[in-house]
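Below, all heavy atoms of this structure are taken into account, side chains as well, without hydrogens, waters or symmetry copies.
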Amino acid sequence: MDAVVQFTSQSQGRDRIFRATQYACALSVYLLRNNSERKDLVAKLKSLETNMSAGRKLFRLGNTINSIEAAKRTMQLSDRVLSLCLTAANANRALYFICDNVLWARNVGLIRDIDKERWSLNASRCYFLSLVTSLTRDVYEVIQLMAQKARDRHFRQKMELHLNESPEVAEAVIPQLDAFLFLLLESLRSHPAVALDMLKNVCDLFIPLDRLGIYQLNAGVVGFCGLLSSVIGIVTLAQPKLRLRP
């Protein structure tokens, strides 16, 4: 119970619970859309989804400053590739939050003379760029882990044993592919924080792809991806050892 209280007392924790609820409602609405007996439930779920989205915009009002401060910190990292990826991700996230804050002000009537659709598209573009740079960082981390594993003598013996146990594999290209996949899976398995962060970013990437019209998806897929990434976000926030750092 103490862990639940501590989790919900954080603004990030409440935001992730709201986000999971929002996308769970979106997925449920899609699954129930053709059920005529559930029209009232669908209407309630749509209303709850809208309220969750509005609540999350309020929680994010101070996130621009947090992202700017995070960008300042990542600029000081000694690994230049990591520094570039994280700084670009945080900078684009800050721009996304600025657009999101303007949209919130427009929705509550504080600002009127703006093009809501244009600001929404700009927010999606910044969100997309932030996720692309975050995924680039994930790929870089995976490459580093694979290179480290490949240099390990015990791991090479384990890989040779694995390949020798699969005599049915073709001798031309397949063994190299099998070795690569084995190395990749073992690297991700030994570092779950990297695997979870990559899965979360891949799931999140489908949301701006759909909004920008780059890759059209149905509402069910978007809802499922959003829900899965939200659950991963909750798990990594509740278990700091599963959170990728820096």
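Geometric assessment of Arg33 against the ring of Tyr30 yields a positive cation-pi assignment under the 6.0 Å and 45° thresholds.
Here the CE atom belonging to Met198 is positioned 11.5 Å from the CG atom belonging to Leu196, to the nearest 0.5 angstrom. A distance of 8.5 Å separates CG in Asp15 from OG in Ser230, rounded to the nearest 0.5 Å. Of the inter-residue distances, the one linking Glu141 atom CD with Thr136 atom OG1 reads 12.0 Å to the nearest 0.5 angstrom.
Residues that satisfy the ring-ring contact (aromatic ring centres under 6.0 Å, His included) test with Tyr96, not counting sequence neighbours, are Tyr127. Applying the side chain to side chain contact (heavy atoms under 4.5 Å, CB included) test to Leu27 and every residue at least two apart in sequence or in another chain returns Leu31, Phe224, Leu227. The side chain to side chain contact (heavy atoms under 4.5 Å, CB included) check on Asn107 picks up Lys57, Lys116, with sequence neighbours excluded. Taking the side chain to side chain contact (heavy atoms under 4.5 Å, CB included) definition, one finds that Asp40 meets it with nothing, sequence neighbours left out. Applying the side chain to side chain contact (heavy atoms under 4.5 Å, CB included) rule to Arg151 yields the partners Ala147, Gln148; only residues at least two apart in sequence or on another chain are considered.
Note on Glu69 versus Lys72: salt bridge recorded, some NZ/NE/NH1/NH2 to OD/OE distance being below 4.0 Å.
In the hydrophobic clustering (ILVMFWY side chains linked at under 4.5 Å, chained through shared members), Met75 stands by itself.
Hydrophobic clustering of Ile, Leu, Val, Met, Phe, Trp and Tyr side chains at less than 4.5 Å, counting indirect connections, unites Leu135 with Ile143.
In this structure a side-chain-to-backbone donor-acceptor pair under 3.5 Å is present from Ser83 to Thr74. Although no hydrogens or angles enter the test, the distance criterion places no donor-acceptor pair under 3.5 Å between the side chain of Asp197 and the main chain of Ala193. Checked by atom type and distance alone, the side chain of Ser134 pairs as donor or acceptor with a backbone atom of Ser130 at under 3.5 Å. For the pair Thr236 (side chain) and Gly233 (backbone), a donor-acceptor distance under 3.5 Å is present. When atom types are taken as modelled, the side chain of Ser53 and the backbone of Glu49 share no donor-acceptor pair closer than 3.5 angstrom.
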Verdict with reasoning, Phe97 to Asn66, per side-chain contact (heavy atoms from CB on, under 4.5 Å): CA-CA 10 Å; Phe97 287 131; Asn66 294 336; over 6 Å; no
Step-by-step side-chain contact (heavy atoms from CB on, under 4.5 Å) determination, Met52 to Tyr23: CA-CA 9 Å; Met52 292 295 102; Tyr23 284 107; over 6 Å; no
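Between Ala94 and Ile68 the shortest heavy-atom distance is CB-CG1, 4.0 Å.
With a 6.0 Å radius and a threshold of 12 heavy atoms from other residues, nucleotides or ligands, Arg38 has its CZ atom at or below the threshold. Applying the 6.0 Å contact sphere to CD of Glu37 captures no more than 12 heavy atoms from other residues, nucleotides or ligands. Other residues, nucleotides and ligands place no more than 12 heavy atoms under 6.0 Å from the CD1 atom of Ile65.
Side-chain contact check for Arg14 versus Phe59: some heavy-atom pair is nearer than 4.5 Å.
A side-chain N or O of Ser229 and one of Arg19 form a donor-acceptor pair less than 3.5 Å apart.
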